[in-house]
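Structure first, then comments.
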Amino acid sequence: MVSQTLTPPETPAAARFPMSQVVTRFAPSPTGYLHIGGGRTALFNWLYARGRGGKFLLRIEDTDRERSTPEATAAILRGLTWLGLDWDGDVVSQFDRKDRHAEVAHEMLTRGTAYKCFATKEEIEAFRAAHDSYAVFQSPWRDADPASYPALPYVIRMKAPREGATVISDEVQGIVTFQNDQLDDMIVLRSDGTPTYMLAVVVDDHDMGVTHVIRGDDHLANAARQTMVYDAMGWTVPVWAHIPLIHGPDGKKLSKRHGALGVEEYQAMGYPAAGMRNYLTRLGWAHGDAEIFTSDEAKAMFDLAGIGRAPARLDFKKLEHVCGQHIAMTPDAALLQEIEAFLVARGEPALTQGQHARMLKGMYCLKERAKTLPELLEKARFALISRPIGRDEASAAALDTVSRGILKSLTLQLQNATWEKAELESILTAAATEAGIGFGKLAQPLRAALAGRTATPSVYDMMLVIGRDETIARLSEAAD
RNA sequence: GGCCCGUUCGUCUAUCGGUUAGGACACCUGGUUUUCAACCAGGUAAGAGGGGUUCGACUCCCCUACGGGCUGCCA
């Protein structure tokens, strides 16, 4: 029988399951792309499980056949994969488990913790009209004699306690108490025999051995209802951790007008996955003053206690800063690989061997000046282009008659240089002195000649990366 | 309407009854400089409001304001 008041077990929630058995899950409904908030929820679950040698499972909540699409499922999987959040085992389809859900609903029936309700939607509306419009519906079939059951479609409703309270012990929100008279006899099995979310989620979490439910705090009230289902089946209630939702920069609920909502949009904008993980981890969670860290460090540090209770706002400036830090600390080869994947995802042509080699050679001076991949690619322009060099307006203007003359004489002087930075430095400074101009004045036409842009890496770095022949060729081209 | 949650610099946050309320991003100033960055040094900037409790409250309690969630045969 259902107890009148459901209270948390004596032992602290987190201690109910041995650490070695931590099982978390991410359970999105496939009705669109992977939302940035969903990505963070998945990240928290992943970090918690991975940091404790536990399992991170993935379940697609596709019981709503009207709104669920395979395309959305594919998009969610792509988003998670890009974020680097790997899950254990197969992806579970909730819809595939509908027979099991129905089985549990019927077991609740035999246990007397649920009942068949033959009330029609019209009757429910009539009930509300007769009471106040927010009244909790009370089914007349709750205690009806089965002998009186009509031969009509019915739903199975949870026989929820009407007195007392249901208490949730949440790792983020603390102890939250819901009066049972606020909670209705929720439907667990629809008249067409399919399960509702409230039943399916509990059955699946139980069957999958989920120990920690980390999800958005829009589910906080649901935790009370779900606790009733666990109790009705005599199952162990998991550890709850309801995390605040992410808001837009204006503090309002995140919506389309805030710009990027989908994880894949961030990928398309060229934020590196490691930077996204770092930023998202710090959004609503803190560990002292830790700001920039690797995923391994995050796994080791992450805990439920560090999760804040207030909704956090998205701040693109900080996202960029964090991403810039990660770009700078990523090993050259790995970074180049990520850039090439980015190019492919964008549908742009792959790098040629020459471009690849020059990028790798110049990565040292590129990765410390970019916050996003496109920004890095722009800085790397000098290493990617080939003659004839296309120039923007400002750089073309830098190539006036005087400058071209200087570049022309430089091509001769560079002919026999050893191509060491020190020697290039002395040649160029001497040239500037000779021309009676500061080095800055000489650097401008050099940038225009080498990259066709006015903002580039150091002229020495560019010369070193593209080599003597190409440097001289570009200077000659610009001088003519 | 009812129930529930939240509120520290502009933003993300530290603090877990006693601090000059700390860090990071952003911003401002200076430095470095070869453009753009990066980098270095310094600076501006916060406990929503009102009541309590206490020797002492950002921290505990209550009220108010504001924001959010739930209140579906959606998830």
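In what follows, chains are A, B, ... by sequence order, proteins preceding strands, each numbered from 1. We use all heavy atoms of the structure for the numbers below, so side chains are in, but hydrogens, waters and symmetry mates are not.
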Can you figure out which of [options] approaches the side chain of [X] most closely?
X	options	result
A:Arg447	B:A75, B:C73, B:U34	B:U34
A:His321	B:C25, B:G69, B:G1	B:C25
A:Phe178	B:G23, B:C4, B:A37	B:C4
A:Lys318	B:C12, B:C73, B:U35	B:C12
A:Ala443	B:U13, B:U34, B:A24	B:U34
A:Ala312	B:U35, B:U13, B:C25	B:U13
A:Gln173	B:U34, B:G6, B:A75	B:G6

Hey, is the side chain of [X] poking within less than 4.0 Å of OP1 or OP2 on [N], counting only N and O atoms?
X	N	value
A:Thr63	B:A75	yes
A:Lys379	B:U35	no
A:Arg190	B:A75	yes
A:Gln325	B:C39	yes
A:Arg381	B:C36	no

How far does the [atom1] atom of [N] sit from the matching atom of [M], given to the nearest Å?
N	M	atom1	result
B:A75	B:C62	P	36 Å
B:G47	B:C27	P	23 Å
B:G72	B:C63	C1'	34 Å
B:U15	B:C55	P	27 Å
B:C36	B:U29	P	15 Å
B:C66	B:G49	C1'	11 Å
B:G30	B:U44	P	16 Å
B:C61	B:A26	C1'	37 Å

Within this structure, what is the [atom1]-to-[atom2] distance between [X] and [N], rounded to whole angstrom?
X	N	atom1	atom2	result
A:Trp285	B:U13	CH2	C1'	11 Å
A:Leu280	B:U13	CG	P	12 Å
A:Asp132	B:U71	CG	C1'	11 Å
A:His326	B:A38	NE2	P	16 Å
A:Asn278	B:A24	CG	P	15 Å
A:Leu283	B:A24	CG	C1'	13 Å
A:Met462	B:U35	CE	P	13 Å
A:Phe118	B:C73	CZ	P	17 Å

What's [X] touching, base or sugar-phosphate or nothing? Going by heavy atoms closer than 4.0 Å.
X	answer
A:His219	base
A:Met198	base
A:Pro457	base
A:Ala455	base
A:Arg59	nothing
A:Val176	sugar-phosphate
A:Tyr460	base
A:Thr31	nothing
A:Leu220	sugar-phosphate
A:Gly324	nothing
A:Arg453	nothing

Is there a donor-acceptor pair under 3.5 Å between the side chain of [X] and the backbone N or O of [Y]?
X	Y	result
A:Arg282	A:Glu291	no
A:Arg313	A:Ile246	no
A:Thr330	A:His326	yes

[X] [atom1]: over 12 foreign heavy atoms closer than 6.0 Å:
X	atom1	answer
A:Glu434	CD	no
A:His287	NE2	no
A:Lys441	NZ	no

Distance (rounded to the nearest 0.5 Å) between A:Asp204 CG and A:Asp96 CG: 10.5 Å
The reported gap from OG1 in A:Thr41 to CG in A:Leu34 (rounded to nearest 0.5 angstrom) is 9.0 Å
Complementary nucleotide of [N], counting Watson-Crick and G-U pairs under 3.5 Å:
N	value
B:G6	B:C66
B:G42	B:C28
B:C55	B:G18
B:C74	none
B:U34	none
B:G47	none

State yes or no: are the ring centers of A:Phe95 and A:Tyr197 separated by less than 6.0 Å? no
When only distance counts, do a donor and an acceptor, one from the side chain of [X] and one from the base of [N], lie under 3.5 Å apart?
X	N	result
A:Ser191	B:C73	yes
A:Arg309	B:C5	no
A:Asn222	B:A75	yes
A:Gln182	B:G2	no

How are the rings of A:Phe302 and A:Tyr48 set to each other: parallel, tilted or perpendicular (split at 30° and 60°)? perpendicular
Mapping A:Val459 and A:Leu245 onto RNA chain B by nearest heavy atom, which one lands closer to the 5' end? A:Val459
If you assign each of A:Arg157 and A:Glu375 to its closest nucleotide in RNA chain B, which residue comes earlier from the 5' end? A:Glu375
